[in-house]
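Within every chain, numbering begins at 1; the chains are lettered A, B, ... in the order of the sequence lines, protein sequences first and strands thereafter. None of the values given here were measured: they were computed from a predicted structure.
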Amino acid sequence: MIAKQDFIADILPEDCLYGLTLRSGIARGHILSIKVPELPPGYKAVTAADIPGVNYLQCPGRMPCLAYKKVNFIGEPFLLMAGEDQAVLRELLKLIKVEYREEEPFYLDGMKGRDNKRSRVLKRLSFSHGKIKESLKNAYQIVEADYRTAAQEHFYADTQGAVALWDGKSLIVHSSTQDPFALRDNIAGLLALNARRVRVIVPALGCSLDGKLEPSFMLSGHAALLSYATAKPVKMIYSREEDILCTCKSPASCITHRTAMDQEGNTLGMQVKITLDAGAYQLNSAHELLKAALSACGGYNCPNLEVKAQLIRSNRVPAGIFPGFGEAQSFFAVELQAARLAEIAHEDPVQWKRRNLLKRGANLPIRGKIREDTGGLPVLEKVVAVSDFSRKHAAYNALKNRRESIANTRNPLRGIGLAVCLKGIGYQGEEHGDKGCTVKVRLELDRRLIIMTSIVDNELESSKIFKQIAARILNIEPEKITIAPVDTMNIPNSGAACTVRTLTVVFRLLEKCCLAIKKKRLTISLPIEVRNSYKAPEEPGWDLESLKGSPYREYSWGATVLELEIDPVTLQPNCRGIWLAIDSGSIVDLLTEKLAVRMVKRMVIRALGYTASAQHEPADLLHILCPEERFAVPGLLNLPAIEIHFIGQGEARGIGDLPFSGVAPAYSAAVSQATGYYIDQMPLSPEIIQQYMEH
Amino acid sequence: MKISFLVNKSPITINSSPARRLVDILRIDLGLTGAKEGCGEGRCGSCVVLMNGNLVNSCLIPAFKLPDSEIVTIESYAQSKEYADLKQALDDAGAFPCGFCSSGIMMVAGNLLAENSSPTAAEIREALSGNICCCGDYDSIIEGIRGVTIKPQSRRYGKTR
Amino acid sequence: MAKPGDLLRVLRPKSVNGLLRLYAKNPDAIIFAGGTERATREKLASVSAESKMVIYLGKVEELYRIRRSQRYLEIGSCLPISRIVSIGRHILPEALSTALRSIANPAVRNLGTLGGNICAAMPNNDSLAPLYAIDGQLELRSVSGSRWMPISRFSPGAGETVLKKGEILFRIRIPLEEWDYQCFRKVSGSHICSHSLLNFCGLARFSKGILEAVRLALGGLNNTVFRSLELESRLEGKTLPLSEKEVESLLAGADELLEPLTDSNFSPAYSRATGLRLLRWFIENIHRENR
């Protein structure tokens with residue numbers, strides 16, 4: 001897909017001003033005063049007081065568009081300025097004097113595991129089944145451990161931006177966003193306008209990795225406010241540094257597992273405590289908490305289970321939607337715990353998983369039913385076979401046992417890790433994200449076909465597949481098929497672009513539209529326009545309060561093996577191979593195998609990047625981050641060989657972000673084996689491995 | 001200051017602050033938005049152009065270096081047959097889901113292929129070590145670049161290996 | 001309104017004498033060569049805001065020369081790294097060549113200069129450990145004349161140099177000695193980083209199982225590149241392979257001399273432990289290289 005296409009940074013209207021943002025330098029406190037110097041003509045400053053409508057964005061959770069007096073994280077915006085020249089703007093911003101009254105911030109303090117007393121619990125969630133207390137009492141032994149993941153950065157290629165044009169009556173916003181309609185509604189609220197007066201156009205987007213949702217609402221809101229105030233077009237593009245400073249991260253997590261085991265090494269019960277850090281504002285974290293809680297015991301059969309999950313508020317950048325979405329955090333913890341349990345039971349990890357994974361047709365308490373044609377074993381067996389896991393694992397274990405310590409070893413330290421994850425597809429709770437998702441297709445007089453949807457999902461190469469689907473059904477050459485530019489004036493609302501929805505809902509709707517056109521073409525003259533919307537079932541399939549029903553329509557499974565070696569001198573892990581077996585139905589009905597493999601490989605590479613890149617504590621952010629950490633995406637050198645196998649049958653389900661759930665625990669398990677230490681945190685670095693060595 | 005230099009073989013004269021970066025001059029003043037800014041510090045390779053025959057990161061070139069220099073951007077390279085062959089091979093391999101890094105990578109790949117008509121995978125990796133694909137699409141990119149070498153070479157490139 | 005940067009004066013001397021005269025008259029000017037350190041938007045903005053003058057070295061031909069004699073290779077301070085690597089392909093000491101080829105990425109190496117890498121004086125800069133190991137020498141010039149010094153005297157601390165006002169690094173002299181074993185290793189922060197946070201250069205010459213000469217330099221650990229003549233002389237004359245006791249004694253000696261920076265990107269504990277592991281690894285490998 002190489003074409004001369006305009007990303008948000010390439011859009012530059014005539015007579016356009018630039019906009020810059022002044023951000024809080026403290027993590028928590030109050031702004032006492034802001035002294036803006038006299039501004040040269042053509043330069044204008046805007047604060048919360050100038051917002052005509054409501055000063056919040058709905059993501060759906062709320063956050064202020066501009067902080068008014070209270071600030072809650074380093075980098076929270078509170079003043080905007082527009083002007084002709086960016087260099088002048090930067091100098092002017094430096095001249096603004098801000099007086100703060102600073103208060104003690106609170107954090108998850110993730111790496112130490114204790115949350116600061118003053119942290120606030122935003123939400124609690126718990127469920128249990130069976131008799132956990134008894135199983136703990138009757139246990140032969142209890143295995144307890146804490147697992148931690150840090151907040152992570154998205155690293156999409158194109159930094160976020162917005163260009164807003166207010167003409168006195170209505171507003172056009174070009175925005176790098178994955179959800180143009182939600183953005184439109186937010187801006188309408190901000191400017192006290194009817195939604196019809198706001199038009200959102202989405203230019204070319206990089207692989208957004210779910211990073212261009214909440215922050216896009218805020219950034220576009222800022223550009224809109226400046227344009228409104230100056231009556232001129234205003235363009236705002238974040239530099240990479242600013243993007244890293246202020247856009248949403250994944251929620252940091254701290255998860256404690258207590259597993260009761262009997263003398264034979266069987267798991268009697270699991271008690272799991274989950275804490276997720278929502279950051280300064282709760283945006284989508286409640287849903288992430290739910291997903292984390294539902295994945296707490298992973299893909300395993302657990303007769304007695306208790307899950308207690310809490311979402312806390314801290315003074316860091318708000319957490320947003322992120323690949324993994326709560327599940328990755330849970331799988332990290334449960335898969336590492338499973339590795340530990342297998343070792344304590346003196347059992348080969350594959351054998352342990354064979355015994356404990358949910359089988360076909362299993363009834364999951366709380367989580368519904370596993371379909372008859374799926375289960376954890378097929379992906380496990382496949383990945384173990386293609387990676388030669390058992391033999392290598394035994395061999396590396398032997399090496400580890402012969403070693404005295406890694407301090408004096410000369411040879412590379414080898415390890416191989418295994419993780420099996422499942423992904424719930426099609427959430428059936430009341431807050432149904434797919435509700436109202438609509439696709440429109442139009443066959444013109446000249447037989448050109450136009451596909452209209454708000455979804456552009458480069459992850460999935462969606463535009464290519466839309467054309468393939470339409471070409472196949474309607475027998476039209478792909479050259480005659482156009483995807484309409486994403487413009488809220490012309491296209492229907494298909495919801496936010498996210499891989500699962502695109503695959504399982506949007507493709508289906510497109511198919512229906514094309515089939516309808518095919519039928520109508522026989523009797524009706526051109527042009528023909530058809531629209532189809534997703535019909536959510538009348539009754540939600542799941543009730544959060546009573547836990548009745550099934551939270552998901554179905555499940556997909558993914559098993560990951562990751563092999564690495566650690567340089568004994570530098571303690572640098574080097575990944576040698578990654579194998580992934582996926583059961584998501586016959587995905588190759590919808591995507592060609594080549595495309596599906598490509599897509600998953602890309603996700604694996606990014607997931608690999610996440611194993612090494614961390615978000616630092618807020619105060620450290622711009623000062624200590626070494627240049628690489630500011631842009632920590634794997635480059636070409638040192639990439640491992642990656643093998644993807646699809647083994648599913650039946651109707652295609654989503655893959656979602658399975659790779660993001662599997663790679664991190666497999667990586668950590670491999671490092672654990674290679675070093676002989678129980679690794680319990682992510683991301684990892686040679687220094688962290690050194691710390692394990694010393695304790 | 002007034003700066004005169006060649007861009008894609010055309011003489012250009014602009015009025016620019018000496019500290020303005022080439023990436024901004026190209027993208028904003030000259031409307032050549034093929035080069036992108038991904039990091040602003042020479043790490044991601046999205047802004048790569050040719051300067052006096054050498055690949056450089058245009059985000060690290062201040063205007064005062066430009067007088068009498070010759071800049072070639074993707075817009076010029078995209079007119080060539082070599083580009084068309086490379087693009088076809090990359091499309092066949094399914095490369096570039098989003099395309100943001102594509103102009104930087106194609107500048108580097110084009111330069112590599114002009115010097116070495118059938119590079120090994122290792123040579124391709126080395127040449128592209130300064131280009132980051134945030135989509136993680138490296139396998140397709142390498143496949144595409146190698147794919148172009150399998151096609152029969154035009155006489156211009158001389159013998160194949 | 002005058003924009004920042006409009007007031008920036010850029011001088012482009014065409015000869016080294018012209019350059020030195022200009023620099024003597026304007027000692028607060030910022031010297032600009034490759035620009036890979038200084039040309040990010042923020043740095044250019046602060047140059048524009050604070051200093052009113054830049055002296056750009058791009059036209060000073062003498063700074064781009066590379067010259068070889070029997071015993072030395074002399075490299076002008078403004079020659080881009082990629083040019084040094086390609087011209088010096090068969091001449092440069094292998095460890096230095098490896099180090100230069102590992103700097104950043106190809107496009108940055110087309111711009112960055114050896115002079116810039118040295119004058120930035122960050123002890124983890126890749127060219128420094130090899131230059132310390134091979135006893136590189138630097139020629140500094142000003143209107144008052146020229147002086148040579150070993151590279152080990154050039155930087156008293158991280159980011160600092162002994163350059164006087166009006167003085168530039170003119171060229172780098174590299175002794176062309178024969179070494180039986182040369183190595184350069186770079187340590188970065190993660191599997192996705194190529195940024196060097198620690199590096200090591202080791203050189204060895206041996207004959208008939210005796211270690212005749214050895215050089216050990218660690219960059220990125222201490223305030224400046226670490227090299228100890230005392231430790232090296234302890235090893236010279238020893239029979240290979242060294243006994244475990246000899247290795248331990250050497251490492252203990254090194255341990256005392258290492259003072260890891262506390263404000264670098266690596267933890268001091270990791271830096272120290274890795275530095276010692278690098279030394280041990282090198283010494284044990286000489287033994288393997290020695291057939």
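- Put simply, the side chain of B/R27 reaches to within 4.5 Å of the side chain of A/D10, judged on heavy atoms.
- Counting non-hydrogen atoms of other residues, nucleotides and ligands closer than 6.0 Å to NZ of B/K9 gives a total of 12 or fewer.
- Note on B/N131, B/I74, B/I124, B/L128: by heavy-atom pairs under 4.5 Å with chain A, the leading option is B/L128.
- Heavy-atom distances place the side chain of A/I605, and not its backbone, under 4.5 Å from chain B.
- At least one donor-acceptor pair closer than 3.5 Å links the side chain of B/R125 to the backbone N or O of A/L636.
- To the nearest 0.5 Å, atoms SG (B/C101) and CG (A/D158) are separated by 10.5 Å.
- The line from CZ of A/R240 to CZ of B/R43 is 11.5 Å long, rounded to the nearest 0.5 Å.
- The one candidate from A/R598, A/R602, A/K601 that meets the salt bridge (Lys or Arg N to Asp or Glu O under 4.0 Å) condition with B/D139 is A/K601.
- With hydrogens and angles disregarded, a donor-acceptor distance shorter than 3.5 Å links the side chain of A/R606 to the backbone of B/C135.
- For residues 43-72 of chain B, the set of pairs meeting the ring-ring contact (aromatic ring centres under 6.0 Å, His included) definition, not counting sequence neighbours, comprises B/F64-C/F32, B/F64-C/Y56.
- The choice from B/G130, B/A93, B/C133 that makes the most heavy-atom pairs within less than 4.5 Å of chain A is B/A93.
- With a 4.5 angstrom heavy-atom cutoff, A/A9 touches chain B via backbone and side-chain atoms both.
- Across all non-hydrogen atoms, the minimal contact from B/C98 to A/L205 is CB-O, 3.5 Å.
- Within the 4.5 angstrom heavy-atom criterion, atoms from both the backbone and the side chain of B/D137 approach chain A.
- Remark: B/Y138 OH to A/I642 CD1 distance equals 11.0 Å, nearest 0.5 Å.
- A salt bridge is defined here as a Lys NZ or Arg NE, NH1 or NH2 lying under 4.0 Å from an Asp or Glu carboxylate O, and A/K594 with B/E143 meets this definition.
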